[in-house]
Colleague: 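There's a structure below that I have some questions on.
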Amino acid sequence: MSQTVELKVAMSCQGCVGAVNRVLGKTQGVDSFDIDLEKQKVTVKGNIEPEAVLKAVSKTGKATSFWEEGESKPTEAGDVVA
């Protein structure tokens, strides 16, 4: 079953985008993905488990969390997400 997973990833440059790109390109079940550096948002589509995608992208060393609906900018480190 194909689904879409949206992640918030702390990316500051094209090098960060490249790291996320490489990890997702190797992740099994990923059909396609879109990386938006400006929004720090990664949208992944495929036959994948959300937790597996989160874990894979976290391997880049970038702060990664699930994208909260209605969110327009990343929360600051230390913010409590309810």
Side-chain angles (χ1 to χ4, degrees):
M1 181 184 79
S2 188
Q3 62 178 326
T4 300
V5 180
E6 295 178 323
L7 299 175
K8 177 175 47 176
V9 184
M11 300 175 288
S12 58
C13 65
Q14 286 301 321
C16 299
V17 170
V20 174
N21 194 352
R22 281 190 298 279
V23 168
L24 288 175
K26 295 178 186 174
T27 303
Q28 197 167 7
V30 172
D31 294 331
S32 65
F33 54 89
D34 179 66
I35 302 171
D36 187 327
L37 177 60
E38 189 175 313
K39 291 183 182 175
Q40 299 199 358
K41 182 175 185 179
V42 178
T43 305
V44 184
K45 295 181 182 180
N47 185 12
I48 42 167
E49 289 295 321
E51 290 295 333
V53 176
L54 179 71
K55 190 174 177 181
V57 174
S58 294
K59 288 180 182 176
T60 62
K62 310 292 172 212
T64 307
S65 60
F66 289 111
W67 187 267
E68 299 297 327
E69 206 52 50
E71 196 167 356
S72 60
K73 68 179 183 69
T75 52
E76 294 299 317
D79 282 0
V80 175
V81 179

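Remember, predicted model here, so these are calculated numbers, not experimental data.
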Colleague: Work out which heavy atom in D31 is nearest to a heavy atom in S2; give both atom names and the distance.
Modeller: OD2-OG, 4.0 Å

Colleague: Which heavy atom of A10 sits nearest a heavy atom of K62, and at what distance?
Modeller: O-CD, 3.3 Å

Colleague: Could you pull out the closest heavy-atom pair between T60 and V57, with the gap in Å?
Modeller: OG1-O, 2.7 Å

Colleague: I need the minimum non-hydrogen distance between F66 and V5, along with the two atoms involved.
Modeller: CE2-CG1, 4.1 Å

Colleague: In chain order, what residues pass the side-chain contact (heavy atoms from CB on, under 4.5 Å) check against A52, with sequence neighbours excluded?
Modeller: E49

Colleague: Going by the rule side-chain hydrogen bond (donor to acceptor under 3.5 Å, both in side chains), which residues pair with Q14 if we only count those two or more places apart in sequence or in a different chain?
Modeller: none

Colleague: Looking at every heavy atom in both W67 and Q40, which two are closest together, and how far apart are they?
Modeller: CZ3-O, 3.9 Å

Colleague: Can you name the residues that form a side-chain hydrogen bond (donor to acceptor under 3.5 Å, both in side chains) with K41, not counting sequence neighbours?
Modeller: E6

Colleague: Suppose we screen for side-chain contact (heavy atoms from CB on, under 4.5 Å). Which residues come up paired with K59, at least two apart in sequence or across chains?
Modeller: none

Colleague: I need the Q28 CD to N47 CG distance, nearest 0.5 Å.
Modeller: 9.5 Å

Colleague: Which heavy atom of K45 sits nearest a heavy atom of T4, and at what distance?
Modeller: CG-OG1, 3.5 Å

Colleague: By side-chain contact (heavy atoms from CB on, under 4.5 Å), which residues pair with S58, not counting sequence neighbours?
Modeller: L54, T64

Colleague: Sequence neighbours excluded and cut-off under 3.5 Å, please list the side-chain donor-acceptor pairs for residues 15-26, or say none.
Modeller:
| unit_1 | atom_1 | unit_2 | atom_2 | d |
| --- | --- | --- | --- | --- |
| R22 | NH1 | G18 | O | 3.4 |

